[in-house]
Amino acid sequence: MLLNLLLAFILLMGRVTSDPDPLQDYCVSTPHSPHQHIFLHGDLCKDPTKVNVSDFTTSALSKPGNTRANPFMINVTLTTTTNLPGLNTMGLTMGRIDFGASGVVPPHVHPRGSEVTVCLDGVLLVGFVDTSGRVFTQELHPGETFVFPKGLIHFLYNIDTVSSAVAVSGLTSQNPGTQFVSLVSFDSKLPIPQDVLKRLYRINDQEGCC
C-alpha cells in the first residue's frame, strides 16, 4: 500500500510543471469578446496571417508609475496580453517597479512563478523566507540581480528615505499570481474567522482584531 502511494506521488509530482510549452511559433492574443465563455490556458489566438511586428513590442515599461497612489509608495507596471499580445502562451511576464522614498513591496508570494529582479536605479533591500524559516536578504545596487524562488514569501524595499528607485522583474509564468500576506489575512473577500486570526497573530480581546 505504501509503495503504491509513493509511486502515485512520484507520478503526480512529475506532472507538476510551469506553463506548458506552446504548440506553435506563437499565439498572439486576440481581443476578448464580451460573449466569450471559453477559458483556455492563455488567450485565444489571433489568425497567424494577421500577426504583425507591433504584436511583439510594447512601451508599457518605459513610463514611470505613480508611486503616490497607495500607502506603500510603489507602482507596478506589468506586461500583459493586452499591451503585449505576443506574450500569450510564452510562459513569462515582465514588470517595472517604481519606488518612492522608503517605498516597499510588502511580503507576498507568486504561487505560479519564480521571479528575477534587476535594480536599475537606487538601492533596494530585497529578500525571501524559505520553508524552514530562513531569511535571505541582500542590498541591490544598479545592475545587480536577485532571484526569488517560486511560491516563497518575499519583499522589496527602497532603503533611501529621500530618493526614488526603479527595478525590473521577470517572472516565469504568463499569470504568476500575487498574494500579499497581510491583505490575504485581514482583507480577503470572505473574511478568515477572527478566532483563527487571534490565535495566528497572538491578538487578545483587549488589543482588538480585524
Side-chain angles (χ1 to χ4, degrees), residues 18-19 57-84 87 90-189 192 197 200-203 207 209-210:
S18 56
D19 293 358
T57 185
T58 181
S59 60
L61 306 187
S62 66
K63 304 169 185 176
N66 179 14
T67 60
R68 298 182 179 276
N70 60 75
F72 302 119
M73 295 295 289
I74 60 162
N75 182 275
V76 179
T77 305
L78 295 174
T79 55
T80 67
T81 55
T82 299
N83 58 36
L84 187 58
L87 190 70
M90 294 294 112
L92 55 88
T93 302
M94 293 291 293
R96 171 180 175 143
I97 313 171
D98 290 283
F99 299 80
S102 300
V104 60
V105 180
H108 64 287
V109 300
H110 301 297
R112 294 181 292 274
S114 301
E115 178 179 358
V116 59
T117 297
V118 182
C119 178
L120 299 182
D121 186 41
V123 181
L124 300 174
L125 176 66
V126 300
F128 69 87
V129 185
D130 71 11
T131 55
S132 69
R134 295 178 65 194
V135 180
F136 297 82
T137 62
Q138 178 68 41
E139 277 192 13
L140 290 188
H141 297 262
E144 296 181 336
T145 304
F146 193 83
V147 64
F148 303 103
K150 177 180 178 179
L152 296 185
I153 294 175
H154 59 283
F155 64 88
L156 303 93
Y157 172 56
N158 177 13
I159 63 176
D160 196 316
T161 60
V162 177
S163 301
S164 60
V166 181
V168 169
S169 288
L171 297 104
T172 59
S173 172
Q174 179 176 326
N175 183 23
T178 301
Q179 286 187 307
F180 289 97
V181 179
S182 57
L183 294 180
V184 169
S185 297
F186 294 101
D187 196 29
S188 55
K189 292 182 179 178
I192 297 175
L197 293 175
L200 178 62
Y201 293 101
R202 299 180 183 179
I203 301 171
E207 292 172 323
C209 174
C210 324

Any side-chain heavy-atom pair from Thr81 and Gln174 closer than 4.5 angstrom?
yes
Pairs involving residues 98-110, ordered by first then second residue, that meet salt bridge (Lys or Arg N to Asp or Glu O under 4.0 Å) (sequence neighbours left out):
Arg96-Asp98
What residues form a side chain to side chain contact (heavy atoms under 4.5 Å, CB included) with Ala60, not counting sequence neighbours?
Thr58, Asn83
Quick check: closest heavy atoms across Gly177 and Pro111, and the distance to 0.1 Å?
O-CD, 3.5 Å
Test of understanding: with ring-ring contact (aromatic ring centres under 6.0 Å, His included), list the residues that count as partners of Phe99, not counting sequence neighbours.
none
Heavy-atom pair with the smallest gap, counting every atom of Ile153 and Pro107
CG2-CB, 3.8 Å
Has His108 got a side-chain atom pairing as donor or acceptor with His154's backbone, closer than 3.5 angstrom?
yes
State, to 0.1 Å, how close Asp121 and Pro142 come at their nearest heavy-atom pair, and which atoms those are.
CA-CG, 4.2 Å
Quick one: side chain to side chain donor-acceptor pair (under 3.5 Å) partners of Ser185, sequence neighbours excluded?
Tyr201
Just do the side-chain contact (heavy atoms from CB on, under 4.5 Å) check on Arg112 and Asn175 with the steps written out, would you?
CA-CA 7 Å; Arg112 294 181 292 274; Asn175 183 23; 3.4 Å; yes
Please report, to 0.1 Å, the donor-acceptor pairs under 3.5 Å made by any side chain of residues 125-136, with sequence neighbours excluded.
from	atom 1	to	atom 2	distance (Å)
Asp130	OD1	Ser132	N	2.9
Asp130	OD1	Ser132	OG	2.8
Asp130	OD1	Gly133	N	3.0
Asp130	OD1	Arg134	N	2.9
Asp130	OD2	Ser132	OG	3.3

I need the Thr79 OG1 to Leu171 CG distance, nearest 0.5 Å.
9.0 Å
Once side chain to side chain donor-acceptor pair (under 3.5 Å) is applied, do any residues pair with Thr93, and if so which ones, sequence neighbours excluded?
none
Nearest 0.5 angstrom please: Cys119 SG to Gln138 CD, how far?
11.5 Å
Value rounded to 0.5 Å, distance of CD1 in Ile97 from CG in Leu124
8.0 Å
Using residues 156-168 as the side-chain source, report each donor-acceptor pair under 3.5 Å to any protein atom, sequence neighbours left out, with the distance given to one decimal.
from	atom 1	to	atom 2	distance (Å)
Asn158	OD1	Asp160	N	3.1
Asn158	ND2	Gly100	O	2.9
Asn158	ND2	Ser163	O	2.9
Asp160	OD1	Val162	N	2.7
Asp160	OD1	Ser163	N	2.9

For Ser62 against Ser59, the heavy-atom pair lying closest together:
OG-O, 2.6 Å
Got a sec, which residues hit side chain to side chain donor-acceptor pair (under 3.5 Å) with Thr77, two or more places apart in sequence or on another chain?
Asn75
With the side chain counted from C-beta on, respond yes when Phe72 and Thr67 share a heavy-atom pair under 4.5 Å apart, and no when they do not.
no
Could you state the interatomic distance from CG (Leu92) to OG (Ser114), rounded to the nearest 0.5 Å?
12.5 Å
Residues in side chain to side chain donor-acceptor pair (under 3.5 Å) with Thr178, at least two apart?
His110
